[in-house]
Amino acid sequence: QKEVEQNSGPLSVPEGAIASLNCTYSDRGSQSFFWYRQYSGKSPELIMSIYSNGDKEDGRFTAQLNKASQYVSLLIRDSQPSDSATYLCAVNRAGGYNKLIFGAGTRLAVHP
Amino acid sequence: DVKVTQSSRYLVKRTGEKVFLECVQDMDHENMFWYRQDPGLGLRLIYFSYDVKMKEKGDIPEGYSVSREKKERFSLILESASTNQTSMYLCASGADRVTFFGQGTRLTVV
């Protein structure tokens, strides 16, 4: 089992719809969870972080965390073609120092 | 603005060459990292450093070494480049649970 798992996609949604991206992780000791967006040929850009169970909203983005189920998700409301990118889920490793384990990423395509 | 700067966007090197990838951050972060990213494999940690002159191996350190002589600068060294080291290399720095990435260096070894 991979430490951080994501569906590779592509996830295709129409413009204006809600895109739902999911991620599961294996280490129950993980405390910090992140979503990065990566456009083709570019570096990852941090868009959301979440540390406690529940929802965290920032503009059109909502991160959801369920530690009991070892599950974290990202919802993108009113999806735009500019949201088309690969979304990387990252989880902190034990031992601190900001060490992260990444999923392989989910490719999102928002079509007009 | 947060800034992590990698010295090159694209590099082409020959097999057997010694290759240096440089990274500088201006955020006074203690922690710095080198990852490589390959299709289908995601980002994998090569090495990280939590202080000047301090380093620890990540998941795939074989064939690589690092140097951190100053807090703001973290270098990745390929001792003898091989074709299987062709990849995107990403430097990152972090503190307070947040990590920022440089723009990446696409290295091709021929």
Side-chain angles (χ1 to χ4, degrees), chain A residues 1-10 21-27 29-52 56 58 63 65 67 72 85-107, chain B residues 1-6 8-10 21 23 25 27-51 54-61 66 68 74 87-108:
Chain A
Q1 182 194 1
K2 289 183 182 178
E3 293 179 272
V4 179
E5 295 213 53
Q6 296 180 256
N7 189 321
S8 61
L21 303 156
N22 304 313
C23 172
T24 58
Y25 60 94
S26 60
D27 183 359
S30 297
Q31 297 295 321
S32 304
F33 307 87
F34 307 90
W35 285 99
Y36 285 81
R37 177 177 62 199
Q38 187 174 27
Y39 292 113
S40 181
K42 303 292 186 183
S43 62
E45 173 194 9
L46 180 66
I47 54 171
M48 289 289 286
S49 60
I50 187 166
Y51 309 122
S52 53
K56 179 182 177 182
D58 184 359
L65 174 62
K67 289 185 180 179
V72 58
T86 296
Y87 289 79
L88 304 172
C89 174
V91 176
N92 76 306
R93 299 176 185 232
Y97 301 126
N98 284 63
K99 285 188 290 180
L100 298 175
I101 305 170
F102 285 85
T106 297
R107 190 155 61 88
Chain B
D1 248 9
V2 162
K3 201 113 186 188
V4 182
T5 304
Q6 295 182 229
S8 305
R9 286 298 311 273
Y10 301 95
L21 302 183
C23 175
Q25 52 102 355
M27 295 166 286
D28 202 35
H29 284 163
E30 311 257 307
N31 305 318
M32 295 189 74
F33 310 86
W34 277 105
Y35 290 88
R36 65 177 279 179
Q37 185 175 29
D38 301 286
L41 296 177
L43 277 82
R44 292 179 292 167
L45 182 63
I46 304 171
Y47 265 99
F48 78 100
S49 168
Y50 52 90
D51 203 349
M54 305 305 286
K55 61 188 178 186
E56 283 197 17
K57 294 179 180 178
D59 300 316
I60 50 164
V66 291
R68 193 163 179 203
F74 191 36
S87 186
M88 169 73 93
Y89 289 87
L90 291 158
C91 175
S93 75
D96 299 327
R97 298 197 280 187
V98 180
T99 300
F100 300 97
F101 284 87
Q103 77 274 33
T105 296
R106 185 163 292 283
L107 172 68
T108 302

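A, B, ... follow the sequence lines: proteins, then strands. Residue 1 opens every chain. Keep in mind that what you see is a predicted model, and the values were worked out from it rather than measured.
- If you measure heavy-atom distances from B:Ala95 to chain A, the contacts under 4.5 Å come from the backbone alone.
- The backbone N or O of B:Gly104 lies less than 3.5 Å from no partner atom in the side chain of A:Ser43, so there is not a single donor-acceptor pair.
- Contact tally against chain B (heavy-atom pairs below 4.5 Å) for A:Pro44, A:Gly41, A:Gly103: the top residue is A:Pro44.
- Nearest heavy-atom pair, A:Ala104 versus B:Gly40, reported as atom, atom and distance to 0.1 Å: CB-O, 4.1 Å.
- Of the atoms belonging to B:Arg9, it is side-chain heavy atoms, and not backbone ones, that fall under 4.5 Å from chain A.
- Counting non-hydrogen atoms of other residues, nucleotides and ligands closer than 6.0 Å to CZ of A:Arg107 gives a total of 12 or fewer.
- Of the listed residues (B:Asp38, B:Val98, B:Leu41), the one with the most heavy-atom contacts under 4.5 Å to chain A is B:Val98.
- Closest of all the heavy-atom pairs between A:Phe102 and B:Leu43 is CD1-CB, 3.8 Å.
- Taking chain A as the reference chain and counting heavy-atom pairs below 4.5 Å, the highest number among B:Met88, B:Arg97, B:Glu30 is found for B:Arg97.
- Atom NZ of B:Lys57 has 12 or fewer neighbouring heavy atoms from other residues, nucleotides or ligands inside a 6.0 Å radius.
- Of the inter-residue distances, the one linking B:Asp59 atom CG with A:Arg93 atom CZ reads 4.0 Å to the nearest 0.5 angstrom.
- Proximity to chain B (any heavy atom under 4.5 Å) is restricted, for A:Ser32, to the side chain, taken from C-beta onward.
- Distance check: B:Tyr35 OH to A:Leu100 CG gives 4.5 Å after rounding to the nearest 0.5 Å.
- Neither the backbone nor the side chain of A:Glu45 comes within contact range of chain B; no heavy atoms are under 4.5 Å apart.
- A distance of 8.5 Å separates CD of B:Gln37 from OG1 of A:Thr86, quoted to the nearest 0.5 Å.
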